[in-house]
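Following: one structure in structure tokens, then a few remarks.
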Number of protein chains: 2
Amino acid sequence: MTSQTPDIRPKACETCPIRERAVCSHCSGSELEELDQFKYYRTYEAGQPIIFAGDKLEFVGSIVKGVATLTQTMEDGRRQMTGLLLPSDFVGRPGREIALYDVTATTEVVMCCFRIKPFEALLAKTPHLSQRLLEMTLDELDAAREWLLLLGRKTAREKIASLLKFIAKREFGQTVNVLELDICFDLPLTREAMADYLGLTLETVSRQISALKREGIITLKKNRSVTVPDVEKLFRETGDDHAA
Amino acid sequence: MTSQTPDIRPKACETCPIRERAVCSHCSGSELEELDQFKYYRTYEAGQPIIFAGDKLEFVGSIVKGVATLTQTMEDGRRQMTGLLLPSDFVGRPGREIALYDVTATTEVVMCCFRIKPFEALLAKTPHLSQRLLEMTLDELDAAREWLLLLGRKTAREKIASLLKFIAKREFGQTVNVLELDICFDLPLTREAMADYLGLTLETVSRQISALKREGIITLKKNRSVTVPDVEKLFRETGDDHAA
DNA sequence: CGTGCGCTTGATCGGGTTCAAAACGTGTGG
DNA sequence: CCACACGTTTTGAACCCGATCAAGCGCACG
């Protein structure tokens, strides 16, 4: 009952909230029509799996709304998030038969899905599509490299601050730096999911958040909604170069 | 004196050792000729910088021979390797003006360079090129995700074993699994570079290598040349699923 | 023969994990 | 409306793995 969304297809692209940034953003009207031939929308509830590692990949697609994660799990249960997927992010890998990672909705998620085979075919003959996918993949690779630095070299406190910065940047764009006013946003992740993102335990995440709260760098309501009175001060805790 | 290689350009592609795997591997003869218009070879000595983070990107290109690393450095000197570049790997990011990371030769390196502007122009109009680059970038992203798991969740011992496995796989292909015989290869990295790769200190790297040696899982000559008597046994130390 | 660099080894320290329990919130049913 | 149960988060105490600080070794090179 939760997996099939009422038909919002006709002309959906025109009002699509991710029209400007998704994999299809460079596509012309006729190319969008071609995509529409094998496109469908689908909704997932918070906590629901979207793809299981090892499963045959039936579709690729874009996150339209909500937050999903990509995680790897070791045999003994150790888990590491390897992707945090937000609206406009692309899910799935053209050219791959079998999914390598688990994809899970952490909030309610709406996806714009494309059946994989026809998508691959269109990709091969549509530079607007493949070039955009290349751009997005290169961006993701850069993000992954920042993430490697975070996991390899940052302290627990720096990791937490970096995650908050990431979420704030994604929410408010690059303008966050200049904003004098207080910044507020909701954490789309549980403490455990944050731990999986940061390569920590949930206890350490909780302790570090408490520490930042105690020091007045953040305040939080209901454990999930964060207020940052002084963005500069938070960013100084990330360990990053003061430019970015 | 080390940066300019005697002219090996004419017909170089025909005997190029990375012809099958580089970014140009799908290109036709005429496309190769176009590439040749703005191509040049260049050699770097072990230890030499290839690109500095923050510099203007003058070229992109392929590693033809040798090993290079991509590293990020924090203000206080903490360093994390975020790419280990082997022959056929692509260096540089089309569409970016300024380099984000340091690229350094760790052995003698021969690069096949393309001036960036004409390369970008050719990329835009040559699907053979952009599709291959997309493939390679997707592969790199997968590799980065494995790396995230390594940095976030693996123990020091598992990290070392994983690195050895990575080098062995890259050297011998996927066939390593079945091979009964002893496997030998040289470490192209110093202990310090390994530490930068693995998010450890060089002391810990040294200790863990000594431990593997003590237990007979590896033997080494002259600190750099590794022999693995039982590949299975080494791979069991990586923490990975026994399939991969 | 000395100097320097890469590597190893030892002793100690500390940040983050682990194990355990309590506190908090949220929803449920009496 | 309260009592209760369950999932999430916080807090506490002890431990441990890897970092840090400090020698010392081995080998290449001038």
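The figures here come from the full heavy-atom set of this structure, side chains too, leaving out hydrogens, waters and symmetry mates. In this text, all values refer to a predicted model and were calculated from it rather than measured experimentally. Quick note on labels: first sequence line is chain A, next is B, and so on, each numbered from 1.
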L198(A) CG to dT17(C) P, straight-line distance once rounded to whole Å: 10 Å
I need the CG-P distance between D76(B) and dA19(D), as an integer number of Å. 15 Å
Remember a base hit wins even if backbone is also touched, and classify R224(A) as base, sugar-phosphate or nothing at under 4.0 Å, heavy atoms. sugar-phosphate
Once you round it to whole Å, what is the distance between C1' of dC7(C) and CE of M194(B)? 10 Å
Report, as yes or no, whether the 6.0 Å neighbourhood of atom CD on E20(B) holds more than 12 heavy atoms from other residues, nucleotides or ligands. no
Nearest whole Å is fine: how far is dC7(C) C1' from D196(B) CG? 15 Å
Relative to the ring of Y197(A), is the ring of W147(A) parallel (under 30°), tilted (30 to 60°) or perpendicular (over 60°)? parallel
Phosphate-side-chain proximity, S206(B) and dG6(C), N/O vs OP1/OP2 below 4.0 Å: no
May I ask you to evaluate whether T201(A) reaches the phosphate of dT17(C), defined as a side-chain N or O under 4.0 Å from OP1 or OP2? yes
Give a yes/no on whether any side-chain N or O of R191(A) is located under 4.0 angstrom from OP1 or OP2 of dG7(D). no
Walk me through whether I167(A) and L187(A) qualify under side-chain contact (heavy atoms from CB on, under 4.5 Å). CA-CA 8 Å; I167(A) 295 170; L187(A) 295 174; 4.0 Å; yes
Between R207(B) and dT9(C), is there a contact of a side-chain N or O with OP1 or OP2 at under 4.0 Å? no
Check every strand shown and say whether G47(A) touches a base, only sugar-phosphate, or nothing at a heavy-atom separation below 4.0 Å. nothing
Distance below 4.0 Å between T204(A) side-chain N/O and dT17(C) OP1 or OP2: yes
Side chain of K213(A), heavy atoms from C-beta onward: which of dT17(C), dG18(D), dT10(D) has the nearest atom to it? dT10(D)
Is a donor-acceptor contact shorter than 3.5 angstrom present between the side chain of E203(B) and the base of dC21(D)? yes
Take K222(A) and K154(A), find for each the nucleotide of DNA chain C with the closest heavy atom, and name the residue whose nucleotide sits nearer the 5' end. K154(A)
Expressed as a whole number of angstroms, how long is the span from K221(B):NZ to dC27(D):P? 13 Å
Toward the 5' end of DNA chain D, which comes first, T190(A) or V205(B), by nearest nucleotide? T190(A)
Can you say whether a donor on the side chain of E192(B) sits under 3.5 Å from an acceptor on the base of dC5(C), or the other way round? no
Length of the CZ-C1' vector between R78(B) and dT20(D), whole Å: 14 Å
K159(A) side chain near dG16(C) phosphate (N/O to OP1/OP2, under 4.0 Å): no
Verdict with supporting geometry, D139(B) and R93(A), salt bridge (Lys or Arg N to Asp or Glu O under 4.0 Å): CA-CA 10 Å; D139(B) 284 343; R93(A) 175 176 164 159; 3.0 Å; yes
Point-to-point distance, once rounded to the nearest 0.5 Å, from CG of N223(B) to OG of S206(B): 8.0 Å
For a quick check of understanding: with a heavy-atom distance under 4.0 Å over all strands, which category does L200(A) fall into, base, sugar-phosphate or nothing? sugar-phosphate
Take a 6.0 Å sphere around CD of E75(B) and say whether it holds more than 12 heavy atoms from other residues, nucleotides or ligands. yes
Between CD of Q80(B) and P of dA19(D) the distance, given in whole Å, is 12 Å
In whole Å, what is the span from the CD1 atom of I209(A) to the P atom of dA23(C)? 21 Å
Hey, does the side chain of N223(B) come within less than 4.0 Å of dT8(C)'s phosphate (OP1/OP2), counting only N and O? yes
